[in-house]
2 protein chains.
Amino acid sequence: MPDDLQIDIDRGSPVPLYHQVAQAFEQAIREGRLPPETKLENEIDLAKRYNISRPTLRQAMDKLVRDGLVVRRRGVGTQVVGPRVRRSLKLSSLYNDLRDSGVQPTTSVLTFETVVSADEVADRLGLPAETEVYHLRRLRSIDGQRLGIMENYLPLSVGTLTRESLEQDGLYNVIRRQGTDFQMAHQTVGATVATADQAELLGVSPGSPLVTVQRTALDSSGTAIEFGDHVYRADLYSYETTLMNR
Amino acid sequence: MPDDLQIDIDRGSPVPLYHQVAQAFEQAIREGRLPPETKLENEIDLAKRYNISRPTLRQAMDKLVRDGLVVRRRGVGTQVVGPRVRRSLKLSSLYNDLRDSGVQPTTSVLTFETVVSADEVADRLGLPAETEVYHLRRLRSIDGQRLGIMENYLPLSVGTLTRESLEQDGLYNVIRRQGTDFQMAHQTVGATVATADQAELLGVSPGSPLVTVQRTALDSSGTAIEFGDHVYRADLYSYETTLMNR
DNA sequence: AAGTGGTCTAGACCACTGT
DNA sequence: CAGTGGTCTAGACCACTTG
């Protein structure tokens with residue numbers, strides 16, 4: 001199965017070559033130009049074809065493997081993974097589906113204040129006990145549908161937050177604009193049932209299932225910049241991941 | 001902060017060098033020999049120190065970054081990440097904690113049969129409609145505590161499954177022993193509330209929160225080898241991940 | 001035996017950060 | 001400015017799978 005795949009590489013671009021190549025393959029796969037089961041050319045020929053070195057091409061392939069788009073086997077080759085594993089079950093990923101199709105989620109700020117942090121919050125953020133922190137509580141909706149309640153704690157050092165900026169833009173965008181850059185986060189996903197308060201805010205019956213997400217986010221220096229404790233309606237939200245073996 | 005870190009590299013070992021190096025660093029970090037915030041030596045000096053090339057050392061560092069143990073910044077250096085983000089909240093990760101501390105989970109097989117697959121199951125496994133597949137339903141417990149109900153569908157081509165082998169060993173171990181190797185999986189994590197049946201099996205009240213996990217697993221040729229639909233008690237189970245930016 | 005991906009080397013230049 | 005990680009090259013040898 002030969003490749004008539006056209007890839008334009010712009011060596012003047014600030015975008016790394018391996019990223020350009022990976023992106024081109026990803027697009028081709030998602031558009032069906034490289035159907036499932038397709039066997040790709042071997043690494044050496046592909047590298048020649050695109051006039052890049054083999055290590056650079058491999059870096060691109062590594063990315064595709066990590067994203068679950070292709071599978072490699074030593075002695076055999078590289079194959080495009082079937083689409084069924086890239087599809088979501090039931091309407092679970094409505095949230096991502098909608099956002100990816102260009103529908104913007106809206107956010108209303110329920111609470112915006114600074115508080116003296118509880119011990120657990122201070123600990124999570126790596127701050128001394130009883131430090132003052134931002135505390136916010138927001139209701140996220142999509143298309144008029146109430147989706148979840150998000151509660152966040154942030155050190156004052158992230159910069160100036162205002163109710164208005166948070167209504168207009170995502171929390172991370174507001175923070176990024178002030179110079180702190182999100183680097184990684186640790187998340188715990190679980191389940192609970194709606195309390196009376198939560199049920200009323202979300203427009204569901206008390207006792208309805210909710211997905212819980214607790215997240216600590218770090219900036220590029222490894223400093224904690226946010227602790228979030230969120231609940232989402234289980235019928236509208238679920239969490240998807242790809243696991244790799246090694 | 002200099003490194004008196006001793007790393008023994010065995011060039012005769014079949015274990016790749018980058019893996020040996022990454023593992024040594026990971027162990028040192030987890031044991032506290034490299035405390036949080038510690039700045040590592042630069043890549044070139046580290047490579048010299050361990051007598052490996054810089055690309056090989058970088059491969060090891062990439063692994064540490066992906067696992068959330070260190071953070072790198074261009075122009076600055078590499079730092080060990082604080083431990084608070086590697087710790088789990090509440091007793092949520094009891095399952096992993098227990099397994100990691102050597103307690104073996106036990107499994108009882110509730111149902112073991114072959115059935116003609118429903119359309120959705122066949123689709124998930126990439127099989128023609130109405131193909132015969134294994135169907136199993138198991139109850140997982142830990143320390144006498146009932147933890148979750150696991151329902152799985154597998155193509156007959158994975159090999160011979162028996163009730164006995166499943167009682168004794170994990171499903172994946174049974175499969176692996178027959179030559180098929182797990183390569184990657186796509187997972188969807190959500191929430192629901194216990195039905196009467198589920199509640200009785202798990203020893204909780206109907207309406208209790210449950211964590212749902214749906215998973216499709218692929219072997220190294222990209223063929224689906226398992227579709228699983230599981231529920232776990234939310235008070236005993238949660239799902240943890242690390243997200244990276246890029 | 002031929003073909004594949006997996007690992008490794010010894011350089012090079014660049015982009016970014018801090019002083 | 002010096003020092004760092006980020007990217008890239010052009011090879012080499014090995015381990016594994018398949019015919």
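The figures that follow rest on heavy atoms only: side chains count, while hydrogens, waters and symmetry mates do not. Here is how names work: the chains are called A, B, and so on, in the same order as the sequence lines, proteins then strands, and each is numbered from 1.
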Could you state the atom-to-atom distance from [atom1] of [X] to [atom2] of [N] in whole Å?
X: B/R54; N: D/dT4; atom1: CZ; atom2: P; answer: 11 Å
X: A/Q59; N: C/dG5; atom1: CD; atom2: C1'; answer: 16 Å
X: A/I44; N: C/dT7; atom1: CD1; atom2: C1'; answer: 13 Å
X: A/I52; N: D/dG11; atom1: CD1; atom2: P; answer: 16 Å
X: B/Y50; N: C/dT7; atom1: OH; atom2: C1'; answer: 20 Å
X: A/Q79; N: D/dT17; atom1: CD; atom2: P; answer: 15 Å
X: A/D10; N: D/dC8; atom1: CG; atom2: P; answer: 12 Å
X: B/L57; N: C/dC8; atom1: CG; atom2: P; answer: 12 Å

Let's see if you can work this out: which of [options] has an atom nearest to the side-chain heavy atoms of [X]?
X: B/P55; options: C/dA10, C/dC8, D/dG5; answer: C/dA10
X: A/R11; options: D/dT4, D/dC8, C/dT9; answer: D/dC8
X: A/Y18; options: C/dG5, D/dG11, D/dT7; answer: D/dT7
X: B/N42; options: D/dT4, C/dA10, D/dC8; answer: D/dT4
X: B/E43; options: D/dT7, C/dC8, D/dG6; answer: D/dG6
X: B/R58; options: D/dT9, C/dC8, D/dT7; answer: D/dT7

Of the non-hydrogen atoms in [X] and [Y], which two are nearest, and what is the gap between them?
X: A/G159; Y: A/Y134; value: O-OH, 3.1 Å
X: B/I225; Y: B/L125; value: C-CD2, 4.4 Å
X: B/L69; Y: B/R30; value: CD2-NH2, 4.0 Å

D/dT9 OP1/OP2 closer than 4.0 Å to side-chain N/O of A/T56: yes
Plane angle bin for B/F25 and B/Y50 - parallel if under 30°, tilted between 30 and 60°, otherwise perpendicular: perpendicular
Polar atom pairs (N or O), protein with nucleotides 15-19 of chain C, under 3.5 Å:
unit_1: C/dA15; atom_1: O4'; unit_2: B/R74; atom_2: NH1; d: 3.0

With A/L46, the side chain to side chain contact (heavy atoms under 4.5 Å, CB included) member among A/R58, A/R54, A/M61: A/M61
Donor on one side chain, acceptor on other, B/R138 and B/T107, under 3.5 Å: no
Pair B/H19, B/Q59: side-chain N/O donor-acceptor within cut-off below 3.5 Å: no
